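Here is the structure we will look at, set down as structure tokens.
If you're wondering where the values come from, they're calculated on a predicted model, not measured in any experiment. Each chain gets a letter, A, B and so on, in the order its sequence line appears, and its residues count up from 1.
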2 protein chains.
Amino acid sequence: MNAEKIPDIIIGRLPIYMRALQRMSEKGIQTTSSQELGERVGISAAQIRKDISQFGEFGKQGTGYHIPFLLDKLRSILKVDRVWDVALVGAGDMGHALARYQGFRDRGFQIVMVFDNDAQKVGEKVGDFIVQDMSSLAETIRKAGVKMAMLTVPAVAAQDVADELVKAGVKAILNYAPISLNVPPDVKVQHIDPASHLQRMTYYL
Amino acid sequence: MNAEKIPDIIIGRLPIYMRALQRMSEKGIQTTSSQELGERVGISAAQIRKDISQFGEFGKQGTGYHIPFLLDKLRSILKVDRVWDVALVGAGDMGHALARYQGFRDRGFQIVMVFDNDAQKVGEKVGDFIVQDMSSLAETIRKAGVKMAMLTVPAVAAQDVADELVKAGVKAILNYAPISLNVPPDVKVQHIDPASHLQRMTYYL
DNA sequence: TTGTTATGGTAAAGTTAATTAACACTTTAC
DNA sequence: GTAAAGTGTTAATTAACTTTACCATAACAA
């Protein structure tokens, strides 16, 4: 075990391994090898062994990895052996889709509140939630101790909302707005921007 | 200009630069520097200069970059100086959100057809489109010469649909299903999986 | 039991890729 | 004419990946 400093690039691969392992587990598969897992996710077996061995010896020589055991370990490493509360800001189409998505729970997350600044949307039901006004955002989030947020507001509003979230104590933001957010170094941001992903592929067409 | 072999990681940063430049341009800003752009997107000035200079000399010493000019060049490099037709497969919540999203057009993409295999959804209107049955997918896509697709079907169906898309001649897939797709090497895949992004951040919380 | 095969963990070496730093040169402002 | 700003480029440095090799263990077949 080498707890010193794990490169972020390795952390980024762990969810991919987890995703595949979870699917194998659902299919009733109990055991896999770095070889097999690698073929599924498109990563070399050596890479996978090296990544996993950063955190301990979770495999068995000769037999491979016991999937439920490895999943437990990965969940614990990524701290998703619990369920994280997440605030959703922006009740547009994307907000609706995320609020209604059933796939978060099994992977360690649940949306617990939804905000929007549009008076027409406030009070409306989105998924299982009543949309709250943005004016109550900071206080509500702080009181609930929520540390993660998903941001699905228009680009022009995104930075302001991000600033609010940071003030409210949020430490991780999943940003759907097509704009790079500026946040303090102790706050993590991940971007989801379908147009950027598409543009990345057209280069090769 | 060094057209030999540009690393994929550089290609992946170009859309981020474009996104920021497009926003600056909308605000009426005509000129920027690697320094300023770097602060906006959180990437070092040296890195930006190096990335851009892979493709030519688009800046002026002493003055920086003319934003409309640089944008044109980047659009041309990423081949989004045209509008790409995109097929959307999966008319669930996420499919609806994407079909109605207005932000693709300005960045080089337009959805032109929507498919689902649910008889209840076929014929329904999603955004400006009538949902078509999956059985017509391969033929319709091939006839229209569509090369890109967005995949918002459940994980269990994703690989089968991807196989269909590949058969139909699609060369780039934006996959929203939480599963790693296996496709031939000449087909590009990008994954969008919010739970993975969230898991990547919880490690640091 | 014994040999064989499959497999993970580790380490070393080599290779490639990515990032950062440094600097010469150009342009603009004054 | 001089200082400041800023690029493009090269060099230096660091990081990531790949390859290879080897050992220890486990499962299984003879």
Item to complete: Starting at atom CD1 of I43(B), determine the distance to atom C1' of dT19(C), rounded to an integer number of angstrom.
Response: 12 Å
Worksheet item: Given atom CG of L37(B) and atom P of dA5(D), what is their separation to the nearest angstrom?
Response: 19 Å
Fill in: Any donor-acceptor N or O pair under 3.5 Å, side chains Y204(A), D8(B)
yes
Response to the item:
Here the distance between atom P of dT7(D) and atom CD of Q47(B), to the nearest Å, is 14 Å
Worksheet entry | For dC30(C), the Watson-Crick or wobble partner whose two distances fall under 3.5 Å | dG1(D)
Discussion item. Measure CD1/I10(B) against C1'/dT16(C) and give the value in whole Å, please.
Written reply: 13 Å
Worksheet item: With distance as the sole criterion, is a donor-acceptor pair present between the side chains of R40(B) and S180(A) under 3.5 Å?
Response: no
Practice prompt. Mark yes or no for a side-chain to base donor-acceptor pair under 3.5 Å between K50(A) and dT10(C), with no hydrogen or angle criteria applied.
Written response: no
Discussion item. Check this for me: does the side-chain of Q61(B) come within 3.5 Å of the base of dT26(C) through a donor and an acceptor?
Written reply: no
Practice prompt. Rounded off to whole Å, could you give me the CD1-to-P distance for the I52(B) and dG8(D) pair?
Written response: 8 Å
Practice prompt. Please report, rounded to the nearest Å, how far the P atom of dT25(D) is from the NZ atom of K60(A).
Written response: 13 Å
Discussion item. At 4.0 Å (heavy atoms only), tell me whether Q35(A) reaches a base, stays on the sugar-phosphate, or touches nothing.
Written reply: nothing
Worksheet item: Just by distance, do the side chain of K171(B) and the backbone of V187(B) share a donor-acceptor pair under 3.5 Å?
Response: no
Practice prompt. Using atom CG of D51(A) as one end and atom P of dT18(D) as the other, report the distance to the nearest whole Å.
Written response: 10 Å
Item to complete: In sequence, state the C-alpha distance, the side-chain angles, and the governing distance for F58(A) and F55(A), and then conclude on ring pair (Phe, Tyr, Trp, His ring centres under 6.0 Å).
Response: CA-CA 8 Å; F58(A) 303 147; F55(A) 303 97; 7.5 Å; no
Discussion item. Among dT9(D), dT10(C), dT7(D), which nucleotide has an atom closest to any side-chain atom of E57(A)?
Written reply: dT10(C)
Discussion item. On the nucleotide dT18(D), are OP1 or OP2 found under 4.0 Å from the side-chain N or O atoms that R49(A) carries?
Written reply: no
Fill in: Donor-acceptor contact present, side-chain Q22(A) to main-chain D106(A), <3.5 Å
yes
Worksheet entry | Residue pair V122(A) / D116(A): nearest heavy atoms and the distance that separates them | CG2-O, 3.6 Å
Worksheet entry | Contact residues, residues 62-73 of chain B to DNA chain D [heavy atom, < 4.0 Å] | G62(B), T63(B), G64(B), Y65(B)
Worksheet item: Base, sugar-phosphate alone, or nothing: which one does I9(B) contact when heavy atoms must sit under 4.0 Å apart?
Response: sugar-phosphate
Fill in: Donor-acceptor pair between R107(B) and S196(A) side chains, under 3.5 angstrom
yes
Discussion item. Between P on dT16(C) and CG on D8(B), what's the gap in Å once rounded to a whole number?
Written reply: 18 Å
